[in-house]
Each structure stands twice: as C-alpha cells, then as structure tokens.
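See below for the structure under consideration.
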Number of protein chains: 2
Amino acid sequence: MLKYQQIAIEIEKFIEDHTLQQGDKLPVLEKLMTQFEVSKSTITKSLDLLEKKGVIFQVRGSGIFVRRHKRKGYISLLSNQGFKESLEDFNITTKVIELEVRKPTQEAAHNLNIEPDNDVYYVKRVRYINGQTLCLEESFYNKSIITYLNKEIVSESIFNYIREGLGLKVGFSDLYLRADKLKEEEAKYLGLKKGEPKIYVETIFHLTNGQPFDFSKVSYNYEQSQFFIQANSHFL
Amino acid sequence: MLKYQQIAIEIEKFIEDHTLQQGDKLPVLEKLMTQFEVSKSTITKSLDLLEKKGVIFQVRGSGIFVRRHKRKGYISLLSNQGFKESLEDFNITTKVIELEVRKPTQEAAHNLNIEPDNDVYYVKRVRYINGQTLCLEESFYNKSIITYLNKEIVSESIFNYIREGLGLKVGFSDLYLRADKLKEEEAKYLGLKKGEPKIYVETIFHLTNGQPFDFSKVSYNYEQSQFFIQANSHFL
DNA sequence: GAGTGGTCTAGACCACGAC
DNA sequence: TCGTGGTCTAGACCACTCG
C-alpha cells in the first residue's frame with residue numbers, strides 16, 4: 001500500500017469515526033505532515049485523492065473541509081464498478097437469465113473494438129434490491145481477455161472475480177445514459193408496464209492499459225433507482 | 001495562468017490539431033519535460049488534470065495515450081456548468097418563463113442551507129436545442145450571494161455572469177438524477193404527453209468556499225437529451 | 001534489461017482569506 | 001499581516017511493461 005493511499009484511507013476513517021459533517025474543518029497541512037511524518041506533497045496527493053472522491057474540499061488561505069452529500073440510497077455513477085459502495089446497506093441479489101459464449105452483435109463488436117468473429121461471453125441478468133427489481137442487464141465480455149466465466153461467478157460480483165480471480169486491473173469506463181420507454185420484454189423482467197419510463201445506460205469498461213473488455217446495456221426500474229454524481233470544476 | 005494549466009491546454013490542443021485517436025501515444029515524460037522546460041512534477045500535474053478530464057490515460061511502464069469517447073451530442077454530467085462544452089456545435093436558446101425574488105420553498109431552503117425568510121431569485125426557463133425543447137429548468141439562487149439578476153442575464157449564460165460579472169468562483173456540485181413520468185404542466189412546456197418519460201436532475205452548486213448558491217431542478221425531454229460520464233477508478 | 005511512468009522528499013516561493 | 005493551501009523545482013528511487 002502506498003503512503004498517500006494509506007493516509008487517504010486514514011483521513012477518511014477519521015471523518016467517519018468522528019462523524020464530521022459538511023463544512024467541518026480538518027487539521028491544517030502542517031499538522032497532517034507532522035502527524036503522518038511525510039512531506040508536504042505526499043499529504044497533498046492524499047488530499048487531492050479525497051477531493052476527487054468527493055470526500056473533502058480544499059480552500060486556499062482557509063483550510064480543508066469535509067464534503068458530504070446528504071442523500072442516502074443513490075447509486076454513484078462515478079465509482080466505476082458495481083453498486084457495492086453506494087448501496088452497501090441494501091440487499092442486492094441477482095438472477096442469471098442467460099450465460100453463453102457467442103459471436104458479438106455488430107454494436108458489441110464495435111464498442112469492444114474486436115472483430116465480428118471473435119468470441120464474447122454474453123450475460124443477461126436481473127438484479128434485485130431488497131426484493132424489488134432494480135435493473136435488467138446485458139453484458140458482452142471480450143473472451144480473449146475474460147477467458148472464463150461460469151454461472152456461479154456470474155451470480156456474484158463479476159468485477160471482483162475479474163480483479164481477484166483473473167488478476168486484471170480495471171481502469172476507466174465510458175458511460176452513456178438516457179431515458180426511454182420500456183419495451184414489452186424489458187417491462188416483463190422488471191415487473192413494470194410497457195411504455196413506462198426507464199433509465200438506460202450503456203457502459204464500456206476498459207483495463208488500465210486501455211483495452212475495452214466489457215460492453216454492457218442496463219435498463220433500470222425508475223421506481224427503484226436514483227443516481228448521484230459529485231462534480232468538481234477544477235478544469236477551468 | 002499557471003504553468004501546468006497552460007501545458008494541459010497545449011497538450012489538448014496538440015491532440016486536437018493532430019486529430020489523434022483513442023489509443024494514440026503521446027511523447028514520453030522526458031520529452032515533454034524538455035519541450036516545455038519544466039520539472040517532472042509539473043508535467044505530471046498537467047497530465048493528471050487531463051486524465052481527470054478524460055482526455056488521456058497513463059500506463060506505467062508503457063506510455064501516455066489519448067482517450068476519446070466516440071459519441072457526439074451527449075451532455076457531459078461532469079463539466080459542472082451548463083452545456084457549452086459538450087454541446088458547443090449545437091444551437092442552444094432559452095425562453096424565460098418567470099424571474100422574481102421570493103421566499104424559498106422548504107426544499108430549496110434546505111438545499112441552499114438558508115432560512116425560510118431569506119430571499120432567493122427564482123428562475124424558470126425552457127431551453128431549446130436546434131429548435132427542439134431540451135429541458136424545463138427551475139432554479140433558486142441565494143440572493144445574499146447572487147445579489148442581482150435581470151431578464152437579460154437570465155436569457156444568456158447565468159454562470160458566465162456569476163463568474164465574470166459578480167467575480168465569484170464556482171466550485172463543486174452535487175447532482176441527483178432519476179427517471180420519472182412527465183406531469184401535465186411539464187409535458188406542456190416540453191411539447192410531450194403527460195406520463196411520458198423524463199430525466200429529472202436536481203443539482204446543488206457550491207462556490208469554491210463550499211457555500212451553496214444555486215439549487216436547480218431540471219426535467220429533460222427524453223427524445224432530445226442523452227448524457228455521458230467518463231469515470232476513472234483511481235480510488236481503489 | 002532498457003524504457004517509462006509513479007512515488008516521495010525538502011525546501012523556496014506564491015496567492016488567497018481572515019482578522 | 002499572518003495563516004493556510006498551491007505551485008514548482010531537482011533529484012533519488014521504485015514498479016510496471018515489453019521486447
């Protein structure tokens with residue numbers, strides 16, 4: 001574990017343990033440097049990480065403050081992988097509808113940046129939150145990267161398996177979102193009516209080296225799903 | 001202008017000018033250091049900025065590569081202020097429905113962190129993209145921060161005015177998103193039917209010092225609006 | 001093993017905010 | 001004016017990728 005990561009974790013823990021609220025002030029840089037016995041830039045790096053995560057904000061000439069959003073039960077659109085973090089207090093279960101190796105659709109091949117005759121794992125699942133339908137998910141995994149999947153893996157967290165089991169490093173993802181009307185079949189899986197609203201999200205997941213390995217299409221039950229994003233305007 | 005910002009802009013310009021594509025390699029750190037005549041950490045800071053913006057990704061032991069999302073016409077949910085950047089090729093116009101000083105709703109007061117008897121500017125607008133309705137927006141501005149607004153300002157970019165006119169610095173924002181059915185009145189403004197889908201977004205905008213100054217509620221025309229997010233999984 | 005990005009240090013100096 | 005965070009440097013050393 002790197003120093004600046006460790007320190008970030010400890011500061012976050014400090015905020016949790018003391019149940020600090022939005023706007024509460026943290027110790028000054030000088031203090032943190034001596035406390036953790038590291039140089040200024042290391043502390044700065046930790047704080048930048050926490051700022052990116054939306055945990056704190058820094059004000060020049062004034063101090064370092066806790067940033068908190070007030071609402072619970074929202075799915076973070078930034079924390080890349082799964083619902084675990086944002087919905088950890090909720091009971092998420094999964095039903096696998098389909099799992100097989102096949103040739104990709106043209107759309108999937110394009111988004112995964114592979115040829116139409118390369119193999120993909122196709123996974124179709126319904127996910128539930130506290131017994132209610134949360135979403136219907138179709139995913140295409142590049143089989144030359146995700147070399148093996150089975151029903152057991154796919155019933156649990158696929159991303160944990162990718163990291164722990166396959167030893168791959170998940171990097172960045174591109175996420176496209178819109179609203180639309182539910183189609184007959186989607187409505188059936190979600191227990192809603194055709195024509196009712198859905199949030200529809202397509203995501204392309206990449207490894208740290210930039211290779212896309214997963215293209216997924218998810219339709220959310222609008223009654224059960226709400227999302228949040230913490231944005232920073234550092235870039236101009 | 002700070003060095004690392006300037007360099008970030010120039011690198012981004014370089015990518016534009018040479019129409020580099022996803023995965024194309026940029027010059028190595030060493031090269032960039034000598035080219036811009038700065039130290040390693042300054043270049044690193046520029047690159048981190050561009051990475052956060054989703055312009056590049058860095059791979060240890062390998063190089064610095066261009067990151068591009070392929071789709072056009074999506075509204076970025078991260079670039080905090082307005083549509084300008086993501087929809088700059090489109091013609092955005094605005095119709096002001098209402099503009100007045102009033103007392104906040106309980107909801108607005110809570111989100112702006114003010115008392116119910118403090119004044120707010122209430123602004124209701126419809127925004128159009130290429131002549132089609134894009135969204136219906138209601139905003140509450142804390143009048144003790146945004147001291148003055150008029151119809152002219154509100155017809156244009158309010159955020160430009162806040163920055164240039166009032167000299168305020170916009171910091172971070174919290175954004176809550178879900179799908180829902182259009183109500184009668186909303187449907188009328190958007191030219192859609194009651195019960196059709198909408199994307200509904202509430203946003204709380206803060207100054208760099210953490211003060212919330214704008215609480216806004218926006219209903220998007222689902223036929224005209226699609227969103228994208230570039231996520232990084234640096235945090236663990 | 002060569003090449004390349006990432007971490008970390010110690011310290012000088014700068015810019016903003018609050019009093 | 002002082003306290004506080006932000007920028008920038010020069011350089012040592014580390015860790016990953018790839019041929």
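A, B, ... follow the sequence lines: proteins, then strands. Residue 1 opens every chain. It should be emphasised that the depicted structure is a prediction, and the values quoted were computed from it without experimental measurement.
- Between A/Phe228 and A/Tyr74, the angle of the ring planes goes over 60°, which puts this pair in the perpendicular group of the 30/60° scheme.
- Among C/dG5, C/dT9, C/dT7, the nucleotide with an atom closest to any side-chain atom of A/Lys45 is C/dT7.
- Residue contacts for B/Ser41: at a heavy-atom cut-off of 4.0 Å it reaches a base atom on one of the strands shown.
- Rounded to whole Å, the distance from CG on A/Leu29 to C1' on D/dC2 is 16 Å.
- Both tests hold for A/Arg71 against B/Tyr176: distance to the six-membered ring centre under 6.0 Å, angle to the ring axis within 45°.
- The CG-P distance, from B/Leu47 to D/dC8, rounds to 14 Å in whole Å.
- Atom CZ of A/Arg60 is separated from atom P of D/dG5 by 11 Å (rounded to the nearest Å).
- Separating the NZ atom of A/Lys169 from the P atom of D/dA15 is a distance of 13 Å, rounded to the nearest angstrom.
- Summary of the strand contacts: B/Thr208 and B/Ser62 both lie near DNA chain C, and taking for each the nucleotide with the nearest heavy atom, the more 5' one is attributed to B/Ser62.
- In this structure, the NZ atom of B/Lys25 is 11 Å from the P atom of D/dC18, given to the nearest Å.
- If you look at A/Phe57 and B/Phe172, their ring centroids are closer than 6.0 Å.
- Note on A/Lys31: nothing from the nucleic acid sits closer than 4.0 angstrom, heavy atoms only.
- Between the P atom of D/dC8 and the CE atom of B/Met33 lies a distance of 14 Å, rounded to the nearest Å.
- Between B/Ser39 and D/dT9, a side-chain N or O to OP1/OP2 separation shorter than 4.0 Å is present.
- OP1 or OP2 of D/dC8 has not a single side-chain nitrogen or oxygen of B/Tyr4 nearer than 4.0 Å.
- If you measure from atom CD of B/Glu30 to atom P of C/dA2, you get 16 Å, rounded to the nearest angstrom.
- One can find a donor-acceptor pair under 3.5 Å joining the base of D/dG6 and the side-chain atoms of A/Lys40.
- Contact between the side-chain N/O atoms of B/Thr42 and the OP1/OP2 oxygens of D/dT9 is found at a separation under 4.0 Å.
- Take the nearest nucleotide of DNA chain D for A/Val59 and for B/Ile43: the residue whose nucleotide is more 5' is A/Val59.
- Contact check, A/Thr44 against D/dG5: no side-chain N or O comes under 4.0 Å of OP1 or OP2.
- Map A/Gly61 and B/Leu2 each onto its nearest nucleotide of DNA chain D; the residue landing nearer the 5' end is A/Gly61.
- Atom CZ of A/Phe65 and atom C1' of C/dG17 are 10 Å apart (whole Å).
- Residue-level contact check: A/Ile64 touches the backbone only, with heavy atoms under 4.0 Å from sugar-phosphate atoms and none from bases.
- The aromatic rings of B/Phe227 and B/Tyr220 stand perpendicular to each other, their planes meeting at an angle above 60°, with 30° marking the opposite boundary.
- Counting only N and O atoms by type, the side chains of A/Tyr4 and A/Gln6 include no donor and acceptor under 3.5 Å apart.
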